[in-house]
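Below is one structure, written out as structure tokens; comments come after it.
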There are 2 protein chains.
Amino acid sequence: MINELARGLELAKRSATTAPLAAKWRKLAEGRCAEKGERLTPARLAVYAEMLGHGRPLSAYELIARLEQRQGRKIAPLTVYRHLDFLMRTGLVHRLQSAQTYFPCDHPDHAHESQFLLCSSCGHVDEVESSGLETLLAQIADERGFRPDNAVVEVKGLCGVCAVGEQD
Amino acid sequence: MINELARGLELAKRSATTAPLAAKWRKLAEGRCAEKGERLTPARLAVYAEMLGHGRPLSAYELIARLEQRQGRKIAPLTVYRHLDFLMRTGLVHRLQSAQTYFPCDHPDHAHESQFLLCSSCGHVDEVESSGLETLLAQIADERGFRPDNAVVEVKGLCGVCAVGEQD
DNA sequence: GATGATTACGTTATAACATATCTTTTTGAC
DNA sequence: GTCAAAAAGATATGTTATAACGTAATCATC
């Protein structure tokens, strides 16, 4: 009974220490899990919420630091890597290959391949979905007898805001 | 004089333990260095030769191991990273972002942005140069007020040979 | 040839990113 | 409640990359 009490307090503490998560994103996560037969645990949701709350790409270790600070306890790297795997499996989060960071998907309504415009000044991420580009890539592959599985397209540069900031 | 002799032997030993390098690639390297005002040292050339000799993407640490074996001495990671930086600066080598490996450029005649078809079965790299794709990427960026600096395009999948190997 | 500036190279230490392995806890079916 | 499977945690290790510092080679100028 002591244990149950302690556990109750622990759970309350954890939920109190989770970043706020708009209903929109929670519903999306629930939907994706239902589709894929995955389970949406509080820990997984907390990681997702943290990433959404940050709004910029996070490295795995930055993410760990933020979660530890919020929850007031140590979190093992592997734990977060597992959460990230889950979030990527379910299409809720992307990995930005060129920066080794992670970023929540901006296009909640459907799974898809994305392309990214990454601002090297402010860190802003613009997630683009160009069917024209996907078609062209498929065509290039096809011409060479290559059977594509997935494509990484990440353009580094300056976002509109930062580009204006620099006098051209 | 003893020192000079020792040094001479050392140099001889190193050059004897460099991977063979076709004249074509050596000329290319010399040309690029001349253009960019870089210096083509024996150590840099040895790394380049090793990569060309291997013919598949190499991680920095695989590269170190091969160089150490060939030269019979220890090589510090940073040393090789500097050589890789040089080779990338001069456009002789590409970094494959999605695999964190390095691969010599296949299109020696001019500097350019490349796209890659990466076989996840045999490791084959097909370096593609599609102006159509570059134009489309530029257009996508422009529509969003984004000023692109450089683009990573890496498609993972099965090369022609491996795709045939699998019964479709 | 001596001097000093510049660039490259070497060594050690450490940061940053990721996975392996094993144990404990939680969950959900029965 | 019992039990098996899934998830999470703890610890150690592997992999990739950079920092900080000192030394050596190269080259222009005197």
Side-chain angles (χ1 to χ4, degrees), chain A residues 3-4 6-11 13-15 18 29 33-34 36-48 50 57-68 71-90 93 95-103, chain B residues 3-4 6-8 10-11 13-15 18 29 33-34 36-48 57-68 71-90 93 95-103:
Chain A
N3 278 348
E4 282 172 39
R7 173 154 164 65
L9 286 172
E10 177 63 17
L11 286 177
K13 185 169 154 210
R14 287 199 198 175
S15 70
T18 292
C33 288
K36 308 231 176 192
E38 296 274 1
R39 287 160 59 188
L40 186 63
T41 66
R44 288 171 167 182
L45 208 51
V47 173
Y48 187 42
E50 193 66 45
L58 282 167
S59 76
Y61 282 71
E62 286 168 346
L63 187 52
I64 290 170
R66 292 180 68 90
L67 290 165
E68 286 181 340
Q71 301 181 12
R73 65 196 182 98
K74 277 281 167 193
I75 297 175
L78 183 53
T79 301
V80 165
Y81 277 109
R82 273 192 293 233
H83 295 325
L84 288 171
D85 282 346
F86 159 80
L87 290 167
M88 288 188 288
R89 273 203 307 280
T90 48
V93 158
R95 182 177 197 272
L96 303 177
Q97 302 286 347
S98 52
Q100 290 154 223
T101 54
Y102 303 86
F103 190 72
Chain B
N3 279 346
E4 280 172 39
R7 175 156 163 64
E10 177 65 15
L11 287 178
K13 184 168 154 208
R14 288 199 197 176
S15 72
T18 292
C33 287
K36 308 229 177 195
E38 296 274 1
R39 286 159 59 187
L40 187 62
T41 67
R44 288 171 166 183
L45 207 52
V47 172
Y48 187 42
L58 282 168
S59 76
Y61 280 71
E62 286 168 346
L63 185 54
I64 289 168
R66 292 180 69 88
L67 290 165
E68 286 181 341
Q71 302 183 11
R73 65 192 184 103
K74 278 281 168 192
I75 297 174
L78 185 51
T79 301
V80 166
Y81 279 110
R82 273 193 292 234
H83 294 325
L84 288 171
D85 282 347
F86 159 80
L87 290 167
M88 289 188 289
R89 272 203 308 280
T90 47
V93 158
R95 183 179 196 271
L96 303 177
Q97 301 287 349
S98 53
Q100 290 155 221
T101 54
Y102 303 85
F103 191 72

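Letters go in sequence order (proteins before strands), and every chain restarts at 1.
Distance CZ (A:Arg44) to P (D:dA6): 12 Å, rounded to an integer number of Å. Remark: C1' of C:dT12 and NZ of B:Lys74 are 14 Å apart, rounded to the nearest angstrom. To the nearest angstrom, C1' of C:dT6 lies 13 Å from CD of B:Glu38. Protein atom CG of B:Leu67 is 14 Å distant from nucleotide atom C1' of C:dC9, rounded to whole Å. Here the P atom of nucleotide D:dT18 and the CD1 atom of B:Ile64 are 12 Å apart, to the nearest Å. Between B:His83 atom NE2 and C:dA8 atom P there is a gap of 11 Å when expressed in whole angstrom units. Here the C1' atom of nucleotide D:dA7 and the CD1 atom of A:Ile75 are 15 Å apart, to the nearest Å.
Taking side-chain N and O atoms only, B:Arg39 has no distance below 4.0 Å to OP1 or OP2 of C:dA8.
Residues passing the salt bridge (charged side-chain N to carboxylate O under 4.0 Å, His left out) test with B:Arg66, sequence neighbours excluded: B:Glu50. In this structure B:Ser98 satisfies the side-chain hydrogen bond (donor to acceptor under 3.5 Å, both in side chains) test together with B:Glu154, sequence neighbours excluded. For the salt bridge (charged side-chain N to carboxylate O under 4.0 Å, His left out) test, no residue two or more places apart in sequence or in another chain qualifies with B:Arg82. Every residue was checked against the salt bridge (charged side-chain N to carboxylate O under 4.0 Å, His left out) condition with A:Glu62, not counting sequence neighbours, and none meets it. With sequence neighbours excluded, no residue forms a salt bridge (charged side-chain N to carboxylate O under 4.0 Å, His left out) with B:Arg39.
In this structure, B:Thr79 reaches the bases: a heavy-atom distance under 4.0 Å links it to at least one base atom across the strands shown. Contact annotation for A:Arg82: base contact, defined as any heavy-atom pair under 4.0 Å involving a base atom.
Between B:Arg73 and B:Glu68 there is no salt bridge, since none of the side-chain N atoms of the basic residue sits less than 4.0 Å from a carboxylate O of the acidic one.
Looking at the side chain of A:Ala76, the nearest of the listed nucleotides D:dT26, C:dC9, D:dT11 is D:dT11.
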Can you tabulate the close N/O pairs, meaning under 3.5 Å, that link protein atoms to atoms of nucleotides 16-19 of chain C?
from, atom 1, to, atom 2, distance (Å)
C:dC17, OP2, A:Ser59, OG, 3.4
C:dA18, OP1, A:Arg95, NH2, 2.1
C:dA18, OP2, A:Tyr81, OH, 3.0
C:dA18, OP2, A:Tyr102, OH, 3.3
C:dA18, O5', A:Tyr81, OH, 3.4
C:dA18, N7, A:Tyr61, OH, 2.7

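Checked by atom type and distance alone, the side chain of A:Thr79 never pairs as donor or acceptor with a backbone atom of A:Ile75 at under 3.5 Å.
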